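Note that this is a predicted model, so its numbers are computed, not measured.
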Amino acid sequence: MNRRTAELSLVVSALVLLVASITTVGTARGVRGNPNDEPKRTEPVSVGEEAPDFTLEDMQGNQVSLSATRGKMPTVLVFYRGYWCPFCAHQLSELRSLLKTDEQVRVLAVSVDDHEKTKQLTEKIAADGNGSVNYTMLSDPGHKVIDAYRLHDPAYDGKRFDGIPHPAVYVIDKNGRVAWAKVESDYKVRPSNADIRAALESLN
């Protein structure tokens with residue numbers, strides 16, 4: 001009888017260990033009882049969150065990091081669809097007049113475009129005679145930063161413009177927190193300079 005009891009005890013112990021290991025693996029893979037325990041991959045970074053840091057190349061091949069100006073000045077971070085998008089071109093044209101003279105604010109514009117395509121877009125914008133692009137254009141060809149901000153637009157998966165973002169503008173305070181955000185589900189709609197300026201003014 002004692003032997004049978006011991007054998008049963010070993011079987012029960014083995015089952016307990018098996019269940020525990022399965023639970024651990026499930027948790028490690030992100031399996032949760034409540035789907036609201038963590039943000040969905042498609043929910044964009046929002047107000048109050050720390051803006052994900054990144055380093056991307058500008059058109060001249062220089063490395064530009066979001067955190068480079070932390071503690072010094074806020075950043076306006078713009079995600080646009082690409083050089084081919086007329087609504088993006090209009091938005092980027094307008095951004096030339098966003099800042100006041102000598103205002104201590106950095107403006108960064110991010111897309112999946114390579115440097116050559118970005119250069120074509122800046123030349124197109126400057127051709128209107130209202131000045132050249134006066135902020136930094138960054139290339140995110142692998143859309144890693146776009147994905148980090150959870151802006152991925154699945155409507156273009158597997159197509160020519162795979163990886164492009166939903167258009168978005170973030171105002172990030174000098175401490176690296178998102179103070180204001182506007183993410184558009186309709187790519188034809190963009191926030192005005194007045195909207196962005198109001199967000200900047202609220203930082204002071």
Side-chain angles (χ1 to χ4, degrees), residues 25-59 63-67 75-95 98 107-122 124-125 133 135-172 176-193 195-196 199:
V25 170
T27 302
R29 289 180 179 175
V31 178
R32 305 289 181 94
N34 183 352
N36 296 320
D37 285 346
E38 58 186 27
K40 295 178 181 177
R41 206 170 64 85
T42 54
E43 290 179 353
V45 170
S46 59
V47 172
E49 291 187 57
E50 183 172 352
D53 194 18
F54 60 81
T55 300
L56 292 174
E57 280 191 358
D58 65 13
M59 287 193 298
Q63 300 289 309
V64 177
S65 297
L66 177 65
S67 59
T75 297
V76 175
L77 179 60
V78 179
F79 290 91
Y80 67 99
R81 285 153 41 96
Y83 72 97
W84 46 271
C85 174
F87 303 98
C88 298
H90 178 73
Q91 177 189 26
L92 296 171
S93 297
E94 293 294 309
L95 282 174
L98 173 66
V107 179
L108 304 176
V110 178
S111 76
V112 297
D113 294 345
D114 60 28
H115 299 323
E116 185 57 37
K117 293 293 192 298
T118 303
K119 183 180 178 182
Q120 290 177 22
L121 178 57
T122 59
K124 178 182 178 180
I125 291 171
V133 170
Y135 48 85
T136 304
M137 307 279 282
L138 299 174
S139 181
D140 181 24
H143 51 85
K144 291 182 179 179
V145 177
I146 290 167
D147 291 348
Y149 279 77
R150 305 192 289 274
L151 296 170
H152 172 76
D153 187 347
Y156 294 84
D157 285 354
K159 300 179 182 179
R160 181 181 176 189
F161 303 117
D162 187 5
I164 70 170
H166 289 290
V169 178
Y170 288 93
V171 172
I172 301 167
R177 290 274 171 188
V178 176
W180 183 86
K182 186 67 173 175
V183 180
E184 305 291 358
S185 57
D186 182 350
Y187 66 83
K188 298 178 182 179
V189 179
R190 308 298 165 92
S192 67
N193 280 0
D195 294 331
I196 303 171

Whether D140 side chain and L56 backbone form a donor-acceptor pair below 3.5 Å: no

Side chain to side chain contact (heavy atoms under 4.5 Å, CB included), paired with I172, selected from L108, V45, V76, L66: L66

Closest non-hydrogen atom pair between S65 and T55, with its separation: OG-OG1, 2.6 Å

Test item: E94 and S192 side chains (from C-beta on) under 4.5 Å apart, heavy atoms: no

Side chain proximity check, K188 to P86, heavy atoms < 4.5 angstrom: no

For Y80 against C88, the heavy-atom pair lying closest together: CB-SG, 3.8 Å

S111 side chain to R81 backbone, donor-acceptor under 3.5 Å: no

Side chains of D157 and H152, donor plus acceptor under 3.5 Å: yes

Atom pair CG (L121) and CE (M59), whose distance is rounded to the nearest 0.5 Å: 9.0 Å

4.5 Å side-chain heavy-atom contact, K182 and D195: no

From Q120 atom CD to I125 atom CD1, the distance as rounded to the nearest 0.5 Å: 12.0 Å

Interatomic spacing from CG in D58 to NE2 in H115 - rounded to 0.5 Å: 7.0 Å

Test log, rule side-chain contact (heavy atoms from CB on, under 4.5 Å), inputs L92 and M137: CA-CA 10 Å; L92 296 171; M137 307 279 282; 4.1 Å; yes

Note, L95 side chain near I196 side chain (heavy atom, < 4.5 Å): yes

Closest non-hydrogen atom pair between D113 and K117, with its separation: CB-CB, 3.9 Å

Sidechain-backbone polar pair: Y170 side chain, F79 backbone, donor-acceptor under 3.5 Å: no

Whether F54 and Y149 hold their rings parallel, tilted or perpendicular, with breakpoints at 30° and 60°: perpendicular

Whether F161 and W84 hold their rings parallel, tilted or perpendicular, with breakpoints at 30° and 60°: parallel

Value rounded to 0.5 Å, distance of CG in D153 from NE2 in H166: 4.0 Å

